Amino acid sequence: MKPRQIKPDIYSVGAIDWDRRLFDELIPLPDGTSYNSYLIKCEKTALIDTIDPTMTHVLIKNLNKLGVDGIDYIIANHAEQDHSGSLQSILKLYPESRIVTNPKCRDLLMDLFLIPEDRFVIVNDRDTLSLDDKTLEFIYAPWIHWPETMLTYLKEDKILFPCDFLGSHLATSDLFVTDEARVYEAAKRYYAEIMMPFRTIIKKNLEKIKDLEIEIIAPSHGPAYAEPEFILSAYRDWVSDEVKNEVVIPYISMHGSTKEMIDYFVNALIEKGITVKQFNLTKTDIGKLAMALVDAATIVIGSPTVLVGPHPNVIYATYLANVLKPKLKFASLIGSYGWGGRMVEQITGMMSNLKVELLEPVVIKGFPKEKDFKALDRLVDEILKKHEEHNILNKEVRGLK
Ligand code: FEO
């Protein structure tokens, strides 16, 4: 991809990675991603973040195409490899350049990339840096999603460069958002997988930038936002304490007993006007499961018994749900066993991060019978009651009772 101008003297010079399908060897990337880097070319030249080391050649080619023969400052908003992995190459190519960052990020960059200390210029929260005709302001925003993260604001052009924050894993030829529905989905997935564990801190960081006049948000993944309110209001919704009238059901069934229970349970929830998001863990994209957890009020995990415990895939999904710290309010468990097991203790023991009230699980012997379906009805009624008590239901749903 060639360099593209986002405003006079400001260029997007990063790379689109159409083919990448996994991040951190964990996170699915169904739509690829991009590693955005931005060049501000005025009296002094500044490069905002670098890119993933696998695509350093694209960044260098773009700088050459723009005739960049010197870089004064490389702004490092975040030390993670997909934004700092090209630093060593750029420092070598432009030996006069200095890295501008905060002390925590400097320490990480020195550790991760063995960059010598004398290549750094340290800035504090709200410090500014003059490029002569433009001014950069640095805003500390720790824990989105590493401890050293900061944002860079270009005052004269009212552009916020937030690195990971507000971004999306989306490979697209669009420099700016054109298809809002597509970007909303990708940005929500990104929030769910990467930012959700830091929800309360992100809320504070959103507060910190609320008085900035922002005309463009140019993140380091996905397209830029010419209408910043689109992504800011989405984030305000995701980080809010509000939950939706939704039940997320990750499950596995080996011989059909658990599946029979899940099918019955799901239909009963739907009949009561509750939205259900069901995930068969043998086939699920874990990103979709993470997205469903952003808004839901309740999780109900379904599992057969394997060697006295839950199915290992259920353990994996429960572990993920626990570390992602969604704002769930209620949890329960549905499952079946042949001759015994400790599934309930094991699953609930893995939910220490979740601030949920546990609703009485329905774990049965063998294939479900009449009394077991009654127990599932009882759980559905309990969920409905809890959602109602917490004002999670809308008026129309209340009318269905
Ligand atoms: Fe896009 Fe935290 O790296």
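Each residue takes its place number in the sequence, starting with 1. Computed from a predicted structure; not experimentally measured. All ligand and atom numbering here is 1-based and tracks the order in the structure.
- At atom 1 (Fe) of ligand 1, the vertex angle linking OD1 of Asp164 with NE2 of His221 is 90° (nearest 10 degrees).
- For atom 2 (Fe) of ligand 1, the set of nearby N, O or S atoms under 2.8 Å includes one belonging to His145.
- In summary, of the residues considered (Asp164, Thr152, Thr149, Thr101), a side-chain hydrogen bond (donor to acceptor under 3.5 Å, both in side chains) with Asn77 occurs for Thr152 alone.
- Separation of the Trp238 and Tyr190 ring centroids does not fall under the 6.0 Å cut-off.
- With a cut-off of 2.8 Å, atom 1 (Fe) of ligand 1 has no N, O or S atom of His78 in range.
- Counting backbone and side-chain atoms alike, Glu80 contributes no N/O/S atom closer than 2.8 Å to atom 1 (Fe) of ligand 1.
- For the side-chain hydrogen bond (donor to acceptor under 3.5 Å, both in side chains) with Asp295, the lone residue among Lys277, Lys327, Lys188 that qualifies is Lys188.
- Between Ile214 and Ile209 the shortest heavy-atom distance is CD1-O, 4.4 Å.
- A tilted orientation is assigned to the rings of His169 and Phe23, their planes being inclined by 30° to 60°.
- Distances from atom 1 (Fe) of ligand 1 to each N, O or S atom of Asp82 single out OD2 as the nearest.
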